[in-house]
Number of protein chains: 2
Amino acid sequence: MNKRKVNEVEILDALPFLKSIEQAGIRELQRFGIFSLIPKNQFITMEGDSCQFFSFVLSGKIKVYKTAENGREITLYRLEKGQSCILTASCILSNKKFPAISFSEEAVEVISIPSPLFLEWIDKYDFWRNYVFNLLSERLSEIISVVEEIAFRNVDIRLAQHLIKITNVNKDEIQTTHQLIAGDIGTSREVVSRLLKDFEEEGILILSRGSIKIIDYPSLNAKSKKV
Amino acid sequence: MNKRKVNEVEILDALPFLKSIEQAGIRELQRFGIFSLIPKNQFITMEGDSCQFFSFVLSGKIKVYKTAENGREITLYRLEKGQSCILTASCILSNKKFPAISFSEEAVEVISIPSPLFLEWIDKYDFWRNYVFNLLSERLSEIISVVEEIAFRNVDIRLAQHLIKITNVNKDEIQTTHQLIAGDIGTSREVVSRLLKDFEEEGILILSRGSIKIIDYPSLNAKSKKV
DNA sequence: AATTCTTTGTGACAATGTCACATACTTCTG
DNA sequence: CAGAAGTATGTGACATTGTCACAAAGAATT
């Protein structure tokens, strides 16, 4: 991992909440924050790791997920620019082990601070405390909606929703594999393949290896809202 | 709801973490805490309510769950003596609506404090902050294991686990309905009925209306750990 | 004893998950 | 460049789970 100190502009760009508050926070982050560059497709933490650092994502994308013995996966959430990991926070706060796997889907730049410092800042800085509490609250809602989706929603609807979510606004072609989609929506690859095939037969999209081209967005959208 | 002030002994009995710290916390709770007695089988909050108060459970049991349009349910967690609700905390902290239903399975005694006070105390008292953070962290792990169970574990195993969980140590007869079990493990009543029937045919338990009698605990236990 | 409500049982069928392969496309390697 | 190896997708068969519709049994009420 590539490590160095990080400058104020980079910090403020990723963490605008720091702008509104006293300089102390930024100075402290510059002083104690450790910059790391994590290459693409690396496992960052595994299930059971202990959390020595708390990190902010400056750029890139991290997937946080659980796996089953049989290889099935379920994505809990993703971290992008300006975000940080509720499970790490929770882990440090209650001194437990990290209960999931985190993996860099894209190369990631992070600033990390040692966990004792994380705890100290919570007591010391109001803005920091607010940031962490909000982080926890928001991620919690996300995870609860994951529960809801998996428990109640049919797979075809979840699939349609997910395709919409990962479709880039100005591009109708998604680069991904059925296996990755399966992990994101918590089902098996075969089910995804079958349903995508159905969608293709309905003229909603066109499949090719490693890519899905949406050709009837309105129908896909309708599917994602089906009762 | 029956409301009154509450005495120190009751508070300390339910919230032992207060013992170890300064008197200020207890005095404040006595001064501003509102005692309520909620009868059995009441809806306490509904989806979309806003959270005006933060409450501690002194006795009784509250179920916090989500429902689907078709009536299916999934229990997120239960609150008992000394606990409080992560979703309420999250709701107050990020100023959002309550995203679930809470319901008193038994008559419940709670002390509540107004949410602005909740926020004020977080800034003011270390012990309070620690309590809330720990609460959030621990409930978060619970909810993540709910995700894991629903996403990966077969229903028969979840059912066996759940039966073991709700079996009283010194009694082998459980008073409940198939419908309630279905809600707890996130499936439908019919599936629970079918699987329980299977368990009965295997000689693991005996069914009667409103009650399940475990007669072969070792087998049930084995089932709950099946690959 | 009749009525109503709640709980449980069940068959049929749809949706999803699993397993075992087959097939096709890509990349690597000599 | 051909063949091999790796990765992604397709598919049939079958098990599990979810849904629907309705029957039957037990408990509570009148």
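Residue numbers start from 1 in every chain, and the chains themselves are labelled A, B, ... in the order their sequence lines are given, proteins ahead of strands. Just so you know, these numbers use all the heavy atoms, side chains as well, and skip hydrogens, waters and symmetry mates. Being a predicted model, the structure only gives us computed values, none of them experimental.
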K.L.:
Against A/F118, only a single residue in A/Y131, A/F54, A/F53 fulfils ring-ring contact (aromatic ring centres under 6.0 Å, His included); can you say which?
P.N.:
A/F54
K.L.:
Nearest-Å distance, CD (B/E73) to P (D/dT19)?
P.N.:
13 Å
K.L.:
Can you tell me how far P of D/dT17 sits from CZ of A/R72, to the nearest Å?
P.N.:
11 Å
K.L.:
Taking B/K63 first and then B/E106, would you say they form a salt bridge - that is, a charged N and a carboxylate O separated by under 4.0 Å?
P.N.:
no
K.L.:
Once you apply a heavy-atom cut-off of 4.0 Å, does A/V191 come out as touching a base, just sugar-phosphate, or nothing?
P.N.:
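Contact class for A/V191: base.
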K.L.:
Could you please spell out the steps behind the side chain to side chain contact (heavy atoms under 4.5 Å, CB included) verdict for B/L76 and B/L87?
P.N.:
CA-CA 10 Å; B/L76 296 174; B/L87 283 180; 4.1 Å; yes
K.L.:
Which one, D/dG18, D/dA21, D/dG10, comes nearest to the side chain of B/E190?
P.N.:
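That would be D/dA21.
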K.L.:
Of the residues in residues 194-216 of chain B, which ones touch DNA chain D at a heavy-atom distance under 4.0 Å?
P.N.:
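Going residue by residue through residues 194-216 of chain B, the ones with a heavy atom under 4.0 Å of DNA chain D turn out to be B/R194, B/R209.
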K.L.:
So if I take the C1' atoms of five pairs at each end of the helix from C/dA1-D/dT30 to C/dG30-D/dC1 and get each local axis, what angle do the two axes make, rounded to 10 degrees?
P.N.:
20°
K.L.:
Is there side-chain contact between B/L220 and B/D216, with at least one heavy-atom pair below 4.5 Å?
P.N.:
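No, every pair of side-chain atoms sits at 4.5 Å or beyond.
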K.L.:
Going through the checks in order, is the side chain to side chain contact (heavy atoms under 4.5 Å, CB included) test met by B/T67 and A/F152?
P.N.:
CA-CA 9 Å; B/T67 50; A/F152 302 142; 5.6 Å; no
K.L.:
So does B/N95 have more than 12 non-hydrogen atoms from other groups sitting under 6.0 Å from CG?
P.N.:
no
K.L.:
Can you list, pair by pair, the side-chain donor-acceptor contacts under 3.5 Å of residues 195-207 of chain A, counting residues two or more places apart and other chains?
P.N.:
from, atom 1, to, atom 2, distance (Å)
A/K197, NZ, A/E200, OE1, 3.1
A/E200, OE2, A/L207, N, 2.9
A/E202, OE1, A/K223, NZ, 3.2

K.L.:
Could you tell me if the side chain of B/I215 sits less than 4.5 Å from the side chain of B/D172, heavy atoms only?
P.N.:
no
K.L.:
Between B/L136 and A/S90, is any pair of side-chain heavy atoms under 4.5 Å apart?
P.N.:
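No, side chains not in contact.
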K.L.:
Taking DNA chain C as the partner, which of residues 177-185 of chain B come within under 4.0 angstrom of it by heavy atom?
P.N.:
B/T177, B/H178
K.L.:
Please tell me which of A/R158 and A/R189 maps to the more 5' nucleotide of DNA chain C, matching each residue to the nucleotide holding its nearest heavy atom.
P.N.:
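In this pair, the answer is A/R158.
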K.L.:
Would you check if A/Y65 and A/I74 make a side-chain contact, meaning some heavy-atom pair closer than 4.5 Å?
P.N.:
no
K.L.:
Do B/I181 and B/I212 come within less than 4.5 Å of each other through their side chains, counting heavy atoms only?
P.N.:
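Side-chain contact under 4.5 Å: yes.
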K.L.:
Please give, in whole Å, the distance from D/dA8 P to A/Q175 CD?
P.N.:
13 Å
K.L.:
Taking any atom closer than 4.0 angstrom to a non-hydrogen atom of chain B, what span of DNA chain C does the protein reach, first nucleotide to last?
P.N.:
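Both ends considered, the range comes out as C/dT6 to C/dA12.
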K.L.:
Kindly write out the residues that satisfy salt bridge (Lys or Arg N to Asp or Glu O under 4.0 Å) with B/E148, not counting sequence neighbours, or none if the list is empty.
P.N.:
A/K66
K.L.:
For the atom pair CD1 (B/I185) and CZ (B/R158), what is the distance rounded to the nearest 0.5 Å?
P.N.:
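Spacing of CD1 (B/I185) from CZ (B/R158) equals 5.5 Å.
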K.L.:
I need the CG-C1' distance between A/N154 and D/dT17, as an integer number of Å.
P.N.:
12 Å
